[in-house]
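Okay, structure first, notes after.
Any value given below was found using the heavy atoms of this structure, including those in side chains, with hydrogens, waters and symmetry copies removed. Every chain is numbered from 1 and lettered A, B, ... according to where its sequence line falls, protein lines coming before strand lines.
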Number of protein chains: 2
Amino acid sequence: MLKLTRKTEYALIALSHMQRFTPKNLISTKELAKLYQLPVELLAKTLQQLAQAEILEAVKGAYGGYKIKTPLEQINMTEFFEVLEGEVGLTDCHTNTDCSQKNLCNIKTPMQKINKKMRTFFDEISLKEVVGN
Amino acid sequence: MLKLTRKTEYALIALSHMQRFTPKNLISTKELAKLYQLPVELLAKTLQQLAQAEILEAVKGAYGGYKIKTPLEQINMTEFFEVLEGEVGLTDCHTNTDCSQKNLCNIKTPMQKINKKMRTFFDEISLKEVVGN
DNA sequence: TTAAATACGATAAATTTTGTCGGAATTAAA
DNA sequence: TTTAATTCCGACAAAATTTATCGTATTTAA
Ligand code: SF4
Ligand code: SF4
C-alpha cells in the first residue's frame, strides 16, 4: 500500500542515469540493465512506455537506444505515475465501476477530496526533483 | 500502486459509521458487516487491530462490540495507515534490507526526501477529515 | 449454562506484480 | 546485401501480496 511498483522504480533509476550521464547521447536498455542489475525485459517495456509518452526519445536499430526527450523539470509526478500505472488516487470509485460497496459506501465523498489533494501533492513534485542531481 | 487496501477502506467505513451513528454506543463486527456488505472475518481482524492501537475500545462477550476510543481529530493518516499497513513511504529502503538494487541504486537519497514529504502530507490529514461528517 | 461477542492463528483463493519468452520491425555498419 | 544490435509488442509463467475463509479459544451478559 502506497508503495511504488518495481517498474516505476526502474524507470526512475533509468531516468536518473540518463539525466546525469547521457543527457545528449543514447543509451540502450541492455546497458542500463547491466549497470543497475535490472531485469532487461521489464526495463525494456518500461522504457517503451516512457517513449510512447514522449518522456524519452527512442532510436531503433543497431546503435540505437533512448535519451530524455522532455526536460524532467517539465514533468510532474502525477503525470509520470499515470504513464506507468493507472490514475493517481487512494481509491478508484470514479473510474472503476466494479466496487461492490459503491452504493452503501459512506466514505466516497471525503475520499474524492483526499484523492484530489494527493494529486495536487504529486503535481507539485517534478520528476527532476525525484531523480535527484 | 498508491491505492488503499480493502482492509483500510473497511476500517474507514466502519469508523465513519461509528462516528456518525454510534459514538457513545457499542456496535458489533457482525452488524457493521451486514450494514455495509463487508466480509465479516476480515472486518473483524481489522477492528481488532484498531482496538490494539487504542483507536477503538473493544468490549468482549455477549452484547459487546466496539466504539471509538480516541477522538478521530487526534489521529492523523500516517498513524492510521501504519496501524493497518506497514510504514508510510513510496519505498522501503530504510526498513527493508532485501532490496537487491540497494548498492547500485541512484535514487535512494532523493526518495528519502519524497518519503518524508509524503509522511508530512498524511500527518496533516486527520482521520476525522477522511471519515467525513 | 448458554449465546453472542472479541481474539488469534492457520490456510486457501484471488488478484496483482514481476519476470520471461518468442518473434517482428528497424537500421547502422560490415 | 547481409548481419548484428536494437526497439517494439503480445502472450505467458512465476512470485508475491492481498483478500477471504475456517477453526478454535476466551470473555461475559443474561
Ligand atoms: S466506493 Fe467506497 S469502498 Fe468503493 S472504492 Fe470508493 S471509497 Fe472505496
Ligand atoms: S534502494 Fe533504490 S531500488 Fe531499492 S527500495 Fe530504495 S529506492 Fe527502491
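With rounding to whole Å, Leu4(A) atom CG is found 13 Å from dT17(C) atom C1'. Computed from coordinates, the Leu2(B) CG to dT17(C) C1' distance equals 14 Å when rounded to whole Å. Remark: C1' of dT28(D) and CG of Leu26(B) are 13 Å apart, rounded to the nearest angstrom. With rounding to whole Å, Gln49(B) atom CD is found 13 Å from dT19(D) atom P. Rounding to whole angstrom units, CD of residue Gln48(B) and C1' of dG9(C) are separated by 11 Å. Glu9(A) places its CD atom 11 Å from the P atom of dG19(C), with the value rounded to the nearest Å. Between the P atom of dT6(D) and the CD1 atom of Ile27(A) lies a distance of 11 Å, rounded to the nearest Å. Note: CD (Glu57(B)) to C1' (dT6(C)) measures 13 Å, nearest angstrom.
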Taking it one step at a time, do Tyr36(B) and Glu31(B) satisfy side chain to side chain contact (heavy atoms under 4.5 Å, CB included)? CA-CA 9 Å; Tyr36(B) 297 95; Glu31(B) 231 174 319; over 6 Å; no
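Using a 3.5 Å distance cut-off with no hydrogens or angles, the side chains of Glu85(A) and Thr5(A) do pair a donor with an acceptor. Donor-acceptor pairing under 3.5 Å is recorded for the side chains of Glu79(B) and Asn76(B).
In this structure, the side chain of Lys3(A) engages the main chain of Gly89(B) through a donor-acceptor pair within 3.5 Å. No donor-acceptor pair under 3.5 Å is formed between the side chain of Ser16(B) and the backbone N or O of Leu12(B).
Contact check, Tyr10(B) against dT18(D): no side-chain N or O comes under 4.0 Å of OP1 or OP2. Within the structure, a side-chain polar atom (N or O) of Thr29(B) is placed less than 4.0 Å from OP1 or OP2 of dT6(C).
Both Met1(A) and Leu47(A) sit near DNA chain D, but only Leu47(A) has its closest nucleotide nearer the 5' end. For the pair Gly65(B) and Arg6(A), nearest-nucleotide mapping onto DNA chain C gives the more 5' position to Gly65(B).
With salt bridges taken as basic N to acidic carboxylate O contacts below 4.0 Å, none links Glu9(A) and Lys108(B).
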In B/S/- notation, 5' to 3', how is nucleotides 20-30 of chain C contacted by protein heavy atoms closer than 4.0 Å? BB----BBBS-
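Partner of Tyr66(B) under the side-chain contact (heavy atoms from CB on, under 4.5 Å) criterion, out of Thr29(B), Leu26(B), Thr22(B), Leu50(B): Thr29(B) alone.
Among dT6(C), dG19(C), dT18(D), the nucleotide with an atom closest to any side-chain atom of Thr5(B) is dT18(D).
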